[in-house]
Participant: 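A single structure is presented below for examination.
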Amino acid sequence: GHNNLNAKLVLLGDMGAGKSSLVLRFVKGQFLEFQESTIGAAFFSQTLAVNDATVKFEIWDTAGQERYHSLAPMYYRGAAAAIIVYDITSTDSFSRAKKWVQELQKQGNPNMVMALAGNKADLEDKRKVTAEEARVYAEENGLFFMETSAKSAANVNEIFYEIAKRLPRA
Ligand code: GTP
Ligand code: MG
């Protein structure tokens, strides 16, 4: 019907930040302590009801290892939304997230809905990136920001729901 929307969504971010774990939590409600590193990319789909509409996310979970970087444009090209993921216990992963934001600002769809996910929020005692620092960065760059935990499920459905609400309606 006219209230159904398909939305291509891509996850980008450093290896080990938790992209696959966020998708596995969102799509299957599961978490693996020993999630395997993604090779190339993996595809998933999941439908969400938002107000009077149904959004079917077509999700590309990309590989964070540097050797796969050149494949990324295939996945973010034409994407309606992106989740850029970093690990709150790693300043390197936060730097890598900023690089992804820059690349999307240059090469991505200008109307793309972009979310910044500070993942592994359950590891508060190992935190290296403050929520305040990330919030300021996100605000300055037109992203919305949430800290998530694929392990505890905190804010995982919420971040997809917030994206769905922000997608332009036809
Ligand atoms: P690549 O596929 O290599 O790019 O990595 P990725 O971003 O997909 O990371 P992945 O989901 O494979 O997670 C890496 C490791 O972090 C795994 O051992 C996960 O169990 C762990 N992990 C992911 N999310 C969380 C989280 O929210 N909390 C904690 N404590 N561990 C997490
Ligand atoms: Mg992965």
Side-chain angles (χ1 to χ4, degrees), residues 9-42 44 46 48 50 57 59-69 71-72 75-76 79-108 112-167:
L9 180 151
V10 64
L11 287 101
L12 298 165
D14 206 0
M15 65 176 290
K19 300 176 293 298
S20 300
S21 298
L22 288 170
V23 175
L24 185 67
R25 172 61 76 188
F26 176 56
V27 173
K28 295 187 178 155
Q30 295 172 359
F31 176 77
L32 300 172
E33 287 288 346
F34 301 101
Q35 174 66 45
E36 281 179 39
S37 188
T38 305
I39 294 170
F44 301 84
Q46 177 69 307
L48 259 190
V50 182
F57 281 117
I59 302 170
W60 285 102
D61 169 25
T62 66
Q65 292 181 51
E66 191 51 42
R67 64 180 136 144
Y68 298 114
H69 186 174
L71 299 180
Y75 301 108
Y76 65 67
I83 305 178
I84 298 103
V85 184
Y86 68 94
D87 168 352
I88 69 156
T89 74
S90 161
T91 54
D92 282 354
S93 77
F94 187 52
S95 302
R96 190 75 194 88
K98 291 176 177 176
K99 292 262 191 281
W100 279 119
V101 172
Q102 281 175 6
E103 180 166 340
L104 291 178
Q105 285 170 340
K106 273 196 209 149
Q107 326 261 16
M112 191 184 286
V113 176
M114 283 199 260
L116 181 65
N119 191 45
K120 309 197 188 181
D122 55 290
L123 299 178
E124 186 57 45
D125 54 335
K126 295 191 174 126
R127 176 191 289 277
K128 296 279 167 27
V129 182
T130 67
E132 187 53 24
E133 179 182 5
R135 186 176 302 114
V136 168
Y137 173 79
E139 238 168 62
E140 287 172 353
N141 286 275
L143 292 83
F144 77 93
F145 167 64
M146 281 188 175
E147 288 194 344
T148 58
S149 170
K151 185 169 182 171
S152 77
N155 275 345
V156 177
N157 288 344
E158 287 80 354
I159 200 165
F160 285 92
Y161 188 81
E162 285 301 317
I163 289 169
K165 283 203 306 192
R166 286 168 164 81
L167 290 170

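Nothing fancy with the numbering, it's 1 onward along the sequence.
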Participant: Got a donor-acceptor contact below 3.5 angstrom from the N141 side chain to the L143 backbone?
Facilitator: no
Participant: Can you label the angle between the Y137 ring and the F94 ring as parallel, tilted or perpendicular, going by 30° and 60°?
Facilitator: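 Taking F94 first and then Y137, their aromatic rings stand perpendicular (interplane angle over 60°).
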Participant: Is the shortest side-chain heavy-atom distance between E103 and H69 below 4.5 Å?
Facilitator: yes
Participant: Can you say whether the rings of Y86 and F145 are parallel (under 30°), tilted (30 to 60°) or perpendicular (over 60°)?
Facilitator: parallel
Participant: Any salt bridge between E147 and R127, counting N to O under 4.0 Å?
Facilitator: yes
Participant: I need the minimum non-hydrogen distance between A164 and V50, along with the two atoms involved.
Facilitator: CB-CG2, 3.5 Å
Participant: With distance as the sole test, does S90 use its side chain to make a donor-acceptor pair with the main-chain N or O of D87 at under 3.5 Å?
Facilitator: no
Participant: Check whether any side-chain heavy atom of L12 lies under 4.5 Å from a side-chain heavy atom of Y75, and answer yes or no.
Facilitator: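 No. Closest side-chain heavy atoms not under 4.5 Å.
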Participant: Run the numbers on K165 and E162 for side-chain contact (heavy atoms from CB on, under 4.5 Å), then give the verdict.
Facilitator: CA-CA 5 Å; K165 283 203 306 192; E162 285 301 317; 3.2 Å; yes
Participant: In sequence, state the C-alpha distance, the side-chain angles, and the governing distance for L24 and F31, and then conclude on side-chain contact (heavy atoms from CB on, under 4.5 Å).
Facilitator: CA-CA 7 Å; L24 185 67; F31 176 77; 5.8 Å; no
Participant: For the residue pair I88 and T130, establish whether any side-chain heavy-atom pair is separated by less than 4.5 Å.
Facilitator: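 I88 vs T130: side chains apart.
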Participant: With a 4.5 Å heavy-atom cut-off, do L123 and K120 have their side chains touching?
Facilitator: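 L123 reaches K120 side chain to side chain.
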Participant: Please step through side-chain contact (heavy atoms from CB on, under 4.5 Å) for the pair F44 and F26, ending with a clear verdict.
Facilitator: CA-CA 10 Å; F44 301 84; F26 176 56; over 6 Å; no
Participant: Taking the basic N atoms (NZ, or NE/NH1/NH2) and the acidic carboxylate oxygens, is any pair closer than 4.0 Å for R135 and E132?
Facilitator: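 Yes, this pair counts.
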Participant: Rounded to the nearest 0.5 Å, how far does CG of D14 lie from OG of S93?
Facilitator: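 Going from the OG atom of S93 to the CG atom of D14 covers 6.0 Å.
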Participant: What's the spacing between I83 CD1 and I163 CD1 if we round to 0.5 Å?
Facilitator: 4.0 Å
Participant: Would you check, one step at a time, whether the test side-chain contact (heavy atoms from CB on, under 4.5 Å) holds for K28 with Q46?
Facilitator: CA-CA 9 Å; K28 295 187 178 155; Q46 177 69 307; over 6 Å; no
Participant: With a 4.5 Å heavy-atom cut-off, do Y68 and M15 have their side chains touching?
Facilitator: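 A side-chain contact is absent here, since even the closest heavy-atom pair is not under 4.5 Å.
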Participant: Can any side-chain N or O of N119 pair as donor or acceptor with the backbone N or O of A17 at less than 3.5 Å?
Facilitator: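 Checking the backbone N and O of A17 against the side chain of N119, a donor-acceptor pair under 3.5 Å is found.
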Participant: Shortest non-hydrogen contact from L116 to A134?
Facilitator: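 Minimum heavy-atom separation between L116 and A134: CD2-O, 4.0 Å.
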Participant: Say whether, by atom type as modelled, one donor and one acceptor occur between the side chain of T62 and the main chain of L11 under 3.5 angstrom.
Facilitator: yes
Participant: In a table with atom names and distances, give each donor-acceptor pair under 3.5 Å that connects a side chain of residues 33-42 to protein atoms at least two apart or in another chain.
Facilitator:
residue	atom	partner	partner atom	Å
E33	OE2	K151	NZ	3.0
S37	OG	Q65	NE2	2.9
T38	OG1	S20	OG	2.7

Participant: Distance check, rounded to the nearest 0.5 Å: D122 atom CG versus E124 atom CD?
Facilitator: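 With rounding to 0.5 Å, CG (D122) is 9.5 Å from CD (E124).
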Participant: Do D61 and K19 sit within salt-bridge range, that is, some charged N less than 4.0 Å from a carboxylate O?
Facilitator: no
Participant: Looking only at heavy atoms, what is the nearest atom pair of A82 and M112, with distance?
Facilitator: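 Taking A82 first and M112 second, the nearest heavy atoms are CB-SD, 3.7 Å.
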Participant: Report the residues that fulfil salt bridge (charged side-chain N to carboxylate O under 4.0 Å, His left out) with R96, sequence neighbours left out, ordered by chain and then residue number.
Facilitator: E66
